[in-house]
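A short worksheet on the structure shown next.
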Amino acid sequence: RTRTPPQRCSPSPKQARNSPPNRVTDAYSHAYLNWPHTTAAALTAGRYVIKPHIQLGSEAIVRTVDSGGGLIIIEEPPRHGKSELVSRWVPVWHLAQHPHKHVTLAGYGASLPEAHSRFVRDVIAEHGGTLGVQLAGDSTAVDRWHTTAGGSCRAVGVGGALTGFGSHLLVIDDPISNAEEADSEVMREKVWDWFLSVAWTRREPGATVVVMCTRWHEDDIIGRIVAHPELGPMAQRITLPALAEENDQLGREMGEALWP
């Protein structure tokens with residue numbers, strides 16, 4: 001799963017992404033912006049650790065964006081890096097590739113999406129010259145900020161209004177905060193209604209939607225998406241338990257840990 005590092009006369013970033021990157025060399029070459037995980041590794045001087053499940057998710061999102069959008073479900077255990085990748089480095093990468101487009105970050109309350117938005121904003125503020133995207137000086141609030149190209153990032157809690165805000169990239173990260181809420185049918189219905197009637201309707205043409213959560217209840221948002229007659233068939237599902245089971249998507253041996 002390696003490739004020869006591209007030369008500086010290489011084709012467009014989209015063409016260069018046709019093959020998976022070499023996790024070591026490409027992270028420090030001029031092509032690191034082709035992928036969220038290599039962007040993270042390069043901008044953190046290698047402190048960001050790229051594990052196989054991180055690379056799998058990163059590549060899946062890039063392929064979906066490049067192919068005209070879609071719906072991705074990510075099921076992984078807590079504390080395995082999915083939020084850092086998807087809610088932080090994927091928006092950095094997306095705005096570097098498409099500084100005129102709109103990102104929405106959502107979660108069970110406003111504070112966590114706002115923390116992710118702050119991270120993305122601060123990375124762009126520090127590395128904008130390298131990334132090719134700049135913050136608009138008159139719009140930098142943590143819950144809603146813009147780029148000079150007209151793009152934006154919006155942070156909102158589940159249940160919050162999105163009227164007037166479209167999304168080319170929509171990330172829904174843990175829409176329910178704990179197992180007690182997950183056991184509440186009222187709370188599950190609230191999340192589902194918001195997803196269908198608010199978040200899903202705010203997609204721009206070619207939008208990519210990523211939904212991920214800890215699976216406390218089989219009737220959660222992921223369970224309902226999978227069972228939905230229209231959304232279920234279109235969803236790409238990445239399911240990686242802490243310990244590998246049969247037909248593991250990473251090819252792990254039975255019982256092998258996701259992140260030892």
Rounded at 0.5 Å granularity, tell me how far [atom1] in [X] sits from [atom2] in [Y].
| X | Y | atom1 | atom2 | answer |
| --- | --- | --- | --- | --- |
| E181 | M187 | CD | CE | 4.0 Å |
| L231 | L196 | CG | CG | 6.5 Å |
| W145 | C153 | CH2 | SG | 4.5 Å |
| I225 | L71 | CD1 | CG | 5.5 Å |
| I222 | I74 | CD1 | CD1 | 9.0 Å |
| M254 | N247 | CE | CG | 9.5 Å |

Give the intermediate values and the outcome of side chain to side chain donor-acceptor pair (under 3.5 Å) for residues H146 and S152.
CA-CA 4 Å; H146 288 79; S152 68; 4.6 Å; no
Kindly assign one of parallel, tilted or perpendicular to the pair H168 and H100, based on the angle between their ring planes and the thresholds 30° and 60°.
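Taking H100 first and then H168, their aromatic rings sit tilted (interplane angle of 30° to 60°).
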Which pair of heavy atoms, one from [X] and one from [Y], lies closest together, and at what distance?
| X | Y | answer |
| --- | --- | --- |
| C213 | P175 | CB-CD, 3.8 Å |
| A125 | L135 | CB-CD1, 3.7 Å |
| A60 | Q236 | CB-NE2, 3.5 Å |
| G109 | P113 | O-CD, 2.7 Å |
| S58 | P36 | OG-CD, 3.1 Å |

Is it possible for you to say whether [X] and [Y] belong to one hydrophobic cluster, with membership spreading through side-chain heavy-atom contacts below 4.5 Å?
| X | Y | result |
| --- | --- | --- |
| V209 | L112 | no |
| I238 | V211 | no |
| V191 | V226 | yes |

Can a donor-acceptor pair be found, under 3.5 Å and without considering hydrogens, that links the side chain of [X] to the backbone of [Y]?
| X | Y | answer |
| --- | --- | --- |
| T201 | V198 | yes |
| W93 | L33 | yes |
| S67 | T64 | yes |
| T147 | P99 | yes |
| S117 | V142 | yes |
| R47 | T44 | yes |

Are side-chain heavy atoms of [X] and [Y] found at a separation under 4.5 Å?
| X | Y | answer |
| --- | --- | --- |
| K82 | H80 | no |
| Y108 | V158 | no |
| Q55 | E59 | yes |
| L131 | L43 | yes |
| V171 | M212 | yes |
| E84 | H116 | no |

Aromatic ring proximity, centroids under 6.0 angstrom, W89 and H37:
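Distance test on ring centres: not under 6.0 Å, no.
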Are there more than 12 heavy atoms of other residues, nucleotides or ligands under 6.0 Å from atom CD of E218?
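Counting neighbours around CD of E218, 12 or fewer heavy atoms of other residues, nucleotides or ligands fall under 6.0 Å, so no.
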Should E75 and R237 count as an ion pair when the cut-off is N to O under 4.0 Å?
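A salt bridge is present here (some side-chain N lies under 4.0 Å from a carboxylate O).
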State whether D220 and R188 are salt-bridged, where the test is any N-O pair (Lys NZ or Arg NE/NH1/NH2 against Asp/Glu carboxylate O) under 4.0 Å.
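Between R188 and D220 there is no salt bridge, as every charged N stays at least 4.0 Å from the carboxylate O atoms.
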Go through the steps for V156 and L105 under the test side-chain contact (heavy atoms from CB on, under 4.5 Å), then give the verdict.
CA-CA 6 Å; V156 64; L105 305 176; over 6 Å; no
Checking W194 against I172 for the side-chain contact (heavy atoms from CB on, under 4.5 Å) test, could you report, in this order, the C-alpha distance in whole Å, the side-chain angles of both residues, the deciding distance, and whether it holds?
CA-CA 11 Å; W194 177 85; I172 301 175; 4.0 Å; yes
Take Y48 and I54 through the side-chain contact (heavy atoms from CB on, under 4.5 Å) test and state the conclusion after the steps.
CA-CA 10 Å; Y48 183 83; I54 295 293; 3.3 Å; yes
H53 vs W259, test: side-chain contact (heavy atoms from CB on, under 4.5 Å). Steps then yes/no.
CA-CA 8 Å; H53 68 285; W259 195 335; 3.5 Å; yes
Given L170, L85, V86, the one that forms side-chain contact (heavy atoms from CB on, under 4.5 Å) with V210:
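Of L170, L85, V86, side-chain contact (heavy atoms from CB on, under 4.5 Å) with V210 is met by V86 alone.
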Residue that, paired with L169, satisfies side-chain contact (heavy atoms from CB on, under 4.5 Å) out of E204, H94, K101:
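Among E204, H94, K101, the one that satisfies the side-chain contact (heavy atoms from CB on, under 4.5 Å) with L169 is H94.
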Among residues two or more places apart or on two chains, list those pairs meeting salt bridge (Lys or Arg N to Asp or Glu O under 4.0 Å) that have a residue in residues 153-176.
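Qualifying pairs, neighbours excluded: none.
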Mind jotting down which residue pairs meet the salt bridge (Lys or Arg N to Asp or Glu O under 4.0 Å) criterion with at least one end in residues 130-148? Sequence neighbours excluded, please.
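Qualifying pairs: none.
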Counterpart residues, side-chain contact (heavy atoms from CB on, under 4.5 Å), relative to R252 (two or more places apart)
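Residues passing side-chain contact (heavy atoms from CB on, under 4.5 Å) with R252: L240, P241, A244, D248, L250, E256, L258.
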Is the Lys NZ or Arg CZ of R203 less than 6.0 Å from the centre of W200's six-membered ring, within 45° of the axis?
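That pair qualifies as a cation-pi contact.
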